[in-house]
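Everything numeric in this text was worked out from a predicted model, so none of it was measured. In listed order, ligands and their atoms are each counted from 1.
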Amino acid sequence: MKFDFGTYGRHCEVDTTEAVPATVSGSIPDYMYGEFIFNGNGLSKIGDSNYRHCFDPASILQKVTVSPSGCRYMSRFLQSTTLARNREAGAIVVPEFGTRVQAAGGGGIFGKLKKMADVESMMSDNTAINVGRFNNRLYAIGVTPYYHELDEKTLETKSRVNLYKDEGIVVTCPHLERLGTGALACVGQSIGVTGAKYCVIEYPDGDGSPRVVARISPRWRLHPCFMHSFGVSERFLVLFEQPMSVGLVDAVKDIINSTCFVDSVKWLPEESVIVTLLDTKTWKTYKKKFSFEPQFILHFCNCYEDTNGDLVVDFMSYKGPDVLHDFYLDVMRAPKEVEKIREHFKSSLMRIILPLSADDSKSEIAVTPQVLAEVPMENPRINPNYLRRQHRYVYGVGITDDDCARVSKVDCMTGEEKRFVQDGIYPGEVIYVPRPSEQAEDDGTLAVFCLFSAKKDLGCLLLLSASDLTEVARITFNAVDTITNPAHGQFFPATA
Ligand SMILES: [Fe+2]
């Protein structure tokens, strides 16, 4: 069977706002009771106006409730300001990562000056990538400087946090990470009169607003690097500055000319990846920087200090950013150069070891990445109890050499892979839930949100043994309309 790239480019017109019952096969472990909430692309067009890139469509939130009294599925479109403006206009009027818009009001010099004075009106608040909880509330998260608070029961949008207004942030990583200090953090980017800054944002566990605790200058003052995620060890926050940047002048031109971000991104294959460490107690930058050969990175797997005091960083890596350009919706819906796309999708699980224990007077140390496994996959997850400490196993989703979608478990010690494959099933995101009294690192269950190639309104949450990837249970549901592939999701266990 040919890999169905079209599962990445689906459009959902109607959300399933009334929870529908799901059918269950197998036996659900009781520690899986709770809610699995996913965020990702929903509406890929508004009226006759189509989004161009898989990073752009309007968010749909999807929830699978797992309980002893039965399982249910529901979904709801995020009610962002961007969606409201687009719907009111009957077309896409706010640019996204890969979607340009026609200049509203005809442009002209006065239109352009007006836009320069009102940058915020041209920034999308479509938080379509992830969900997270802070302030004891649930939020939808994207790469924008906004978060939307959600009603956990109905998934309705309740309010909006604006980090642009409060902290000058213009983009954020769509991942929140728990630091060794216990605080929850994210990394964003701000633009000021002195150029761009990477900003570490801390989120309160109780009431209070997110606040910037550190601002760091990028390697190129006017060209901050593309950054989707960051790493966290017990002592450090780890930033990768990959050789892919967007010039601030170009970004402003994009806003004025209503073009999009992807047009301004530049890949510089002669440049290294620069690693900056921030002490998470003092927020001081570590005295040395590190560098390694250029590669394109979306996701960290884990970071930890080893017994020598060196810092181990595991991540998924691509040779270059071609995968970003493959993710145009028309390419995914009707791929012409499948071999090329498959080649671009080939990621590797990599490790760098930063020699913190070495007595070296150099201010920048070049390190050599080692390949842990050449198993193409994305959205890597580990047992969350092993975050910031030595782990052995990494889980993710990818494409097999014979064109099937798969869930993989990679052993970082041996490079061996175990996989789950079934014809026609397309795993979207893996969530690791540890057994409460776990006896081993892989003593838990994976929850995998899956689509079916042949039936667009059918989906399932597949529960697999984290040890051998055998199927433990399957929760199957029918939506009112098409089920789309989520970008990321999280598990919120039921409270007793
Ligand atoms: Fe991500």
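Here the protein contributes His175 NE2, His228 NE2, His299 NE2, His488 NE2 as N, O or S atoms under 2.8 Å from the Fe ion (ligand 1).
Aromatic ring centres of Tyr393 and Tyr432: separated by at least 6.0 Å. Residues Phe315 and Phe292 bring their aromatic ring centres within 6.0 Å. Aromatic rings from Phe230 and Tyr198 are positioned such that their centres are separated by 6.0 Å or more.
With Phe38 as the partner, the side chain to side chain contact (heavy atoms under 4.5 Å, CB included) test is satisfied by one option alone out of Leu61, Ile431, Val131: Ile431.
Both the sub-6.0 Å distance and the 45° axial angle are not jointly satisfied by Arg342 relative to the ring of Phe345.
Side-chain contact, Tyr203 with Tyr139: no donor N or O sits under 3.5 Å from an acceptor N or O.
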